[in-house]
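Shown next, in structure tokens, is the structure this report addresses.
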2 protein chains.
Amino acid sequence: MVVYELSDADVDRIFQALADATRRDIIKQAMLREQSVSELARRYAMSFAAVQKHVAVLERASLVIKERRGREQVVHPNPEALRRAARLLDAYEDVWRGRADRIGEILSGP
Amino acid sequence: MVVYELSDADVDRIFQALADATRRDIIKQAMLREQSVSELARRYAMSFAAVQKHVAVLERASLVIKERRGREQVVHPNPEALRRAARLLDAYEDVWRGRADRIGEILSGP
DNA sequence: CTCATATACAACCATTTGGTTGTAGGTTAG
DNA sequence: CTAACCTACAACCAAATGGTTGTATATGAG
């Protein structure tokens, strides 16, 4: 996923990833303390594979990054992506206020 | 959907609704100028029923409100919901910075 | 070395999603 | 009044989602 400009598909992936309480909690946990996938998995009432998939969804949305450390895969948050999502929502506020300058950000696509 | 406190399901619905480019565009269009569902529908390369469903998804997430005007149903934006979503994302920033005070907002649920 | 642990990934399943078409009911223009 | 228009909603379909189990592989502990 490109960092400096988000395509519609990028934005789709970000909000899609955020639309699940377990995934939002994984992000929060990773921000509180970087943890391995299995360490995260122990927190939830579901299989390891399910959590692994959730992390994969977050990774495809670049909301987290996995880094291999020995036999573990440690999950780092990517605060920048969240920031970009928040600013994207802020852009709607500008549209609402009648400012056209940041409209392009909302439904762009390179 | 309760306004003053968002449950996990509420937040799910909001981000889910935002995870589609057509729906994001509908929000933008409604913010630029309040339009009827059929008026909106003409903008997209899909059936009226499809657009109707998209508006319904936005409505369940309280991102828009429909108001009947004669035989038309005019779509108003609800900027407050967008604002709340943006602030929700901002709360992650606080977690990231090590501030615990607003953490509750993220994965709450009355 | 051996074994337990951590991850990867495939196959499967039920449900949801995003689209379609078709039908029916209100409302308004003329 | 009648015809055109706008909306509602059901039924259907393919694809995506969120979960499962099972199997294989890599790594570190002892």
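Just so we're on the same page: letters track the sequence lines, and every chain starts at 1.
Map Arg42(B) and Ala49(B) each onto its nearest nucleotide of DNA chain D; the residue landing nearer the 5' end is Arg42(B). Toward the 5' end of DNA chain C, the nearer of the two residues Val57(B) and Lys66(A), judged by each one's closest nucleotide, is Lys66(A). Heavy-atom distances to DNA chain D give each of Val51(A) and Gly70(A) a nearest nucleotide, and the one nearer the 5′ end belongs to Val51(A).
Of all nucleotides listed (dT7(C), dT5(C), dG19(D)), dT5(C) comes nearest to the side chain of Arg71(A). Which of dT17(D), dT7(C), dC6(D) sits closest to the side chain of Gln16(A) comes down to dT17(D). Residue Ser47(A) places its side chain closer to dT20(D) than to any other of dC9(C), dT20(D), dC9(D). Nearest nucleotide to the side chain of Lys53(A), out of dT20(D), dA8(C), dC5(D): dT20(D). Of the candidate nucleotides dT7(C), dA8(D), dG19(C), dT7(C) has the atom lying nearest to any side-chain atom of Ser36(A). Set against dT20(D), dT20(C), dA8(D), the side chain of Ala50(B) has dT20(C) as its closest nucleotide.
In terms of phosphate contacts, Ser38(A) brings no side-chain nitrogen or oxygen within less than 4.0 Å of OP1 or OP2 of dT5(C).
Using a 4.0 Å heavy-atom cutoff across all strands shown, Arg23(A) reaches sugar-phosphate atoms only and no base atom.
In this structure a side-chain-to-backbone donor-acceptor pair under 3.5 Å is present from Gln35(B) to Arg33(B). In this structure, the side chain of Arg60(B) does not engage the main chain of Ala17(B) through any donor-acceptor pair within 3.5 Å. Checking side-chain atoms of Gln73(A) against main-chain N and O of Arg68(A) turns up a donor-acceptor pair under 3.5 Å.
As a whole-Å value, the separation of Arg60(A) CZ from dA16(D) C1' is 11 Å. A straight line from CD of Glu59(A) to C1' of dT7(C) spans 13 Å, rounded to a whole angstrom. What separates CD of Gln52(A) from C1' of dA24(D) is a distance of 13 Å, to the nearest Å. For the pair Phe48(A) CZ and dT23(D) P, the interatomic distance rounds to 17 Å; values are reported in whole Å. Between Phe15(B) atom CZ and dT16(C) atom P there is a gap of 21 Å when expressed in whole angstrom units. Distance NE2 (His54(B)) to P (dT7(D)): 16 Å, rounded to an integer number of Å. Across the protein-nucleic acid pair, Glu72(B) atom CD and dT28(C) atom P stand 10 Å apart, rounded to whole Å. Counting to the nearest Å, the C1' atom of dA16(D) and the CG atom of Asp20(A) are 14 Å from each other.
Shown are Leu82(A), Ile26(A), Asn78(A), Val55(A); of these, the side chain to side chain contact (heavy atoms under 4.5 Å, CB included) with Leu63(A) is made only by Leu82(A).
A donor-acceptor contact under 3.5 angstrom links the side chains of Asp10(A) and Ser7(A), judged on distance only.
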